[in-house]
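Working notes, beginning with the structure itself.
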Amino acid sequence: DGGITQSPKYLFRKEGQNVTLSCEQNLNHDAMYWYRQDPGQGLRLIYYSQIVNDFQKGDIAEGYSVSREKKESFPLTVTSAQKNPTAFYLCASRPGVGNQPQHFGDGTRLSIL
Amino acid sequence: GDSVTQMEGPVTLSEEAFLTINCTYTATGYPSLFWYVQYPGEGLQLLLKATKADDKGSNKGFEATYRKETTSFHLEKGSVQVSDSAVYFCALGMIYNQGGKLIFGQGTELSVKP
């Protein structure tokens with residue numbers, strides 16, 4: 001089945017560490033997105049990419065970095081500069097053309113030890 | 001800027017009750033509108049969508065109509081079930097610009113009791 005795979009499901013980070021969250025899709029979608037979800041809040045956009053080797057900052061990009069070397073993959077690195085990284089992170093993708101909705105993975109929950 | 005406002009939860013209903021979750025939006029241009037549902041510990045699933053004014057999206061007994069005059073996209077279901085318990089998010093998407101990004105409301109938690 002086609003879909004979006006996020007791994008790991010749970011991730012723990014020590015203070016001062018960078019961690020990388022994986023997002024892989026086999027839907028042949030051009031555009032990919034990373035969102036952050038905090039309790040009782042909606043999702044906020046961190047970064048997005050519409051094509052390989054190109055990406056743009058979203059609304060809350062500070063303390064995060066991404067890469068898009070392959071169409072299928074859009075990893076997110078939470079750096080030590082992100083002072084409040086505890087959250088639920090969701091990856092999404094959509095076709096690059098047409099009026100199509102985004103499809104979401106099952107998320108990664110990041111916690112600070 | 002563009003924004004989405006949802007009615008606050010939690011909303012608690014008895015099985016077979018009528019459901020309305022209000023959603024209003026502010027946007028420049030002509031956004032598409034979506035309702036997503038999130039079950040505990042999971043990602044978001046698309047529930048329904050509408051791409052232009054007066055469109056009605058429907059799925060699994062849920063409906064929502066894109067009302068441009070009232071800038072609203074309220075979610076309704078005639079008879080809820082316990083399995084409908086989840087968090088519901090209204091979102092607008094600027095599909096043809098801004099990279100197709102979505103702007104979400106804060107979510108409305110629905111709890112349906114037997």
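Just so it is clear: chains get the letters A, B, ... in the order the sequence lines come, proteins before strands, and each one is counted from 1.
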How close do B:Tyr36 and A:Pro101 get, heavy atom to heavy atom, and via which atoms?
OH-CB, 3.8 Å
Value rounded to 0.5 Å, distance of CZ in A:Arg94 from NZ in B:Lys101
13.5 Å
Measure the spacing between OH of A:Tyr35 and CG of B:Leu44 and express it to the nearest 0.5 Å.
9.5 Å
Could you tell me whether the side chain of A:Gln102 reaches within less than 4.5 Å of the side chain of B:Phe34, counting heavy atoms only?
no
Give, for atom CD of B:Gln45 and atom CG of A:Asp106, the distance between the pair rounded to the nearest 0.5 Å.
8.5 Å
Would you say B:Phe62 and B:Leu33 are hydrophobically clustered, going by side-chain heavy atoms of ILVMFWY under 4.5 Å?
yes
Is B:Gln38 close to chain A through its backbone or its side chain, or both, or neither, when contacts mean heavy atoms under 4.5 Å?
side chain
For the NZ atom on A:Lys14, are there more than 12 heavy atoms of other groups (residues, nucleotides or ligands in this structure) within a distance under 6.0 Å?
no
Check whether A:Gln37 gets within reach of chain B through its side chain, its backbone, both or neither, counting any heavy atom under 4.5 Å.
side chain
According to a hydrophobic-cluster definition based on side-chain heavy atoms being under 4.5 Å apart (Ile, Leu, Val, Met, Phe, Trp, Tyr only), do B:Val11 and B:Val112 belong together?
yes
Out of B:Val4, B:Thr51, B:Leu46, return the one with the most heavy atom pairs under 4.5 angstrom to chain A.
B:Thr51
Against chain B, label A:Leu90 side chain, backbone, both or neither, depending on which of its atoms sit under 4.5 Å from a heavy atom there.
side chain
Mind checking whether A:Tyr33 and A:Val78 sit in one hydrophobic cluster, side chains of I, L, V, M, F, W, Y counted as touching below 4.5 Å?
no
A:Leu27 atom CG, neighbour heavy-atom count above 12 within 6.0 Å
yes
Looking at B:Phe18, I want to see if its CZ is surrounded by more than 12 non-hydrogen atoms of other residues, nucleotides or ligands under 6.0 Å.
yes
Whether A:Gln50 side chain and B:Gly100 backbone form a donor-acceptor pair below 3.5 Å:
no
Heavy-atom cut-off 4.5 Å, strictly under: side chain, backbone, both or neither for A:Gln41 against chain B?
backbone
Determine whether A:Leu45 and B:Phe104 fall in the same hydrophobic cluster, where Ile, Leu, Val, Met, Phe, Trp and Tyr are linked whenever their side-chain heavy atoms lie under 4.5 Å apart.
yes
Does one hydrophobic cluster hold both A:Phe104 and A:Met32, with members joined at side-chain heavy-atom distances below 4.5 Å?
no
Partner chain A: residue of B:Gly9, B:Gly41, B:Cys90, B:Gly107 with the largest heavy-atom pair count (under 4.5 Å):
B:Gly41
